[in-house]
Visitor: 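Take a look at this one; I'll ask things after.
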Amino acid sequence: MSVASTQLKSLIRREVLRYVRRPYNTFLPPLITNVLYFSVFGVILGSRIGAIGDVTYIQFVLPGLVVLGAISNAFENSSFSIFHGRWNEYIHEVVTAPLSHSYTVAGYVISSALRGLIIGALIIGVGFLFTSIPFAHPLYLIGFGLVTTTLFAGLGVIGGLFAEDFDHLTVMNQFLLRPLVFFGGVFYSLEQLDGLAYTVSLLNPMVYMVNGVRYGMLGVTEIDPNVSLLVLTAATVVVLGIDLLLFKRGVGISD
């Protein structure tokens, strides 16, 4: 194993241990939150709404809740870790280490995406308590899981570099990401929207994520999963390129 690979592994290990060692803060809140989501939206409202297409309502909302939990935690982890390192000035130990900028970005993104995937898997586990999940296309589910968590881990890097205080991180997560998810077809079918509303919804990247994960889990979607995967992959490449550029220029670090 090369020196660079060892350094990358060390950075990933440090970042993973940071949230694994605090399970009550990392894993318990999303579990409790999603039990409430499934109880209210799935059981109580679902019994009144009935089925949407070929799936029950609780099955329909499950993929969206998985996406919400996964991307929120991926974004939160990278943004908080980088901002906290800037705030306490220990991020300089990372950027001055003999580790390339690409490996530094990779370390933060991989560890944060892994947190998102773990949370997504835990939410699926909670979903099993309320409904059956056929896993119609597991490879698509894995593909969308990897792409979406990587995309938002990369966005978290940008947020962590530009944030000026902890309130900015909260605003980004709570008032930008979550509304996009709730208007991304999580709790309703796009077929219920009028022409203009439907067209505007297609500009929301969450629509492609939710439908992609829904296709992987249930085999139903309102958007071609290959198109969704292509769009999200392209967006991920662009975001990671921006991350690398920001680190090379020392934005938020050397200011």
Side-chain angles (χ1 to χ4, degrees), residues 11-12 14-16 18-20 22 25-27 29-30 33 66-95 99 101-120 144-184 203-210 231-255:
L11 177 58
I12 294 174
R14 188 196 74 175
E15 291 300 305
V16 171
R18 188 176 61 81
Y19 58 78
V20 170
R22 300 172 63 87
N25 292 335
T26 304
F27 305 121
T33 299
V66 171
V67 170
L68 174 59
I71 66 175
S72 295
N73 278 269
F75 179 89
E76 178 184 335
N77 193 79
S78 56
S79 61
F80 177 84
S81 181
I82 289 177
F83 179 76
H84 192 265
R86 290 171 55 215
W87 184 269
N88 290 283
E89 299 183 351
Y90 63 80
I91 196 172
H92 297 90
E93 299 176 2
V94 176
V95 297
L99 188 66
H101 295 299
S102 59
Y103 272 44
T104 301
V105 171
Y108 283 111
V109 169
I110 291 173
S111 57
S112 300
L114 179 60
R115 174 174 170 175
L117 290 172
I118 293 173
I119 296 300
F144 277 100
L146 291 173
V147 170
T148 54
T149 53
T150 301
L151 172 59
F152 276 86
L155 289 172
V157 170
I158 298 174
L161 291 174
F162 279 102
E164 297 179 1
D165 56 45
F166 286 101
D167 289 338
H168 288 173
L169 300 182
T170 302
V171 168
M172 292 177 192
N173 198 348
Q174 300 293 333
F175 298 103
L176 292 179
L177 299 185
R178 289 180 182 270
L180 287 176
V181 171
F182 281 102
F183 286 102
L203 300 176
N204 184 348
M206 305 301 174
V207 169
Y208 301 94
M209 299 179 192
V210 172
V231 169
L232 295 173
T233 301
T236 301
V237 171
V238 171
V239 168
L240 293 180
I242 295 174
D243 291 342
L244 182 58
L245 180 62
L246 294 176
F247 263 92
K248 285 183 176 179
R249 294 187 175 182
V251 175
I253 299 173
S254 59
D255 296 345

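This structure is a prediction, so every number in the text was calculated from the model and none was measured. Only this structure's heavy atoms are used, side chains among them; waters, hydrogens and symmetry mates stay out.
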Visitor: Give me the atom names and distance for the closest heavy-atom approach of Asn77 to Tyr19.
Guide: OD1-CD2, 3.1 Å
Visitor: Looking only at heavy atoms, what is the nearest atom pair of Gly160 and Arg86, with distance?
Guide: O-NH1, 2.6 Å
Visitor: ring-ring contact (aromatic ring centres under 6.0 Å, His included) with Tyr208: which residues, sequence neighbours excluded?
Guide: none
Visitor: Take Thr150 and Leu240 through the side-chain contact (heavy atoms from CB on, under 4.5 Å) test and state the conclusion after the steps.
Guide: CA-CA 9 Å; Thr150 301; Leu240 293 180; 4.2 Å; yes
Visitor: Measuring from atom CG of Leu232 to atom CG of Leu146, what distance do you get when rounded to the nearest 0.5 angstrom?
Guide: 12.0 Å
Visitor: Check whether any side-chain heavy atom of Phe247 sits under 4.5 Å from a side-chain heavy atom of Val157, and report yes or no.
Guide: yes
Visitor: Could you measure the distance from the CG atom of Leu161 to the CD1 atom of Ile91? Nearest 0.5 Å is fine.
Guide: 6.5 Å
Visitor: Calculate, to the nearest 0.5 Å, the distance between atoms CD1 and OG1 belonging to Ile110 and Thr149 respectively.
Guide: 11.0 Å
Visitor: Would you indicate whether Phe27, at its atom CZ, is surrounded by more than 12 heavy atoms from other residues, nucleotides or ligands within a distance under 6.0 Å?
Guide: yes
Visitor: Below 4.0 angstrom, N of the basic side chain to O of the carboxylate: do Glu15 and Arg115 qualify?
Guide: no
Visitor: Between CD of Glu76 and CD1 of Ile71, what distance do you get to the nearest 0.5 Å?
Guide: 12.0 Å
Visitor: To the nearest 0.5 angstrom, please state how far the OG atom of Ser79 sits from the CD1 atom of Ile158.
Guide: 11.5 Å
Visitor: Heavy atoms only: give me the nearest Leu180-Asn204 pair and the separation to one decimal.
Guide: O-ND2, 2.8 Å
Visitor: Taking side chain as C-beta onward, heavy atoms only, is Val20 less than 4.5 Å from Thr26?
Guide: no
Visitor: Quick check: closest heavy atoms across Ala74 and Ala113, and the distance to 0.1 Å?
Guide: CB-CA, 4.4 Å
Visitor: Determine the minimum heavy-atom distance between Val67 and Val210, stating which atoms define it.
Guide: CG2-CA, 4.1 Å
Visitor: How close do Phe83 and Asp165 get, heavy atom to heavy atom, and via which atoms?
Guide: CZ-CA, 3.4 Å
Visitor: Output yes when a side-chain donor or acceptor of Tyr108 lies under 3.5 Å from a complementary backbone atom of Gly156, and no otherwise.
Guide: no
Visitor: Does atom CZ (Arg14) have a neighbourhood of more than 12 heavy atoms from anything else shown, all under 6.0 Å?
Guide: yes
Visitor: Measuring from atom CG of Asp243 to atom NE2 of His101, what distance do you get when rounded to the nearest 0.5 angstrom?
Guide: 13.0 Å
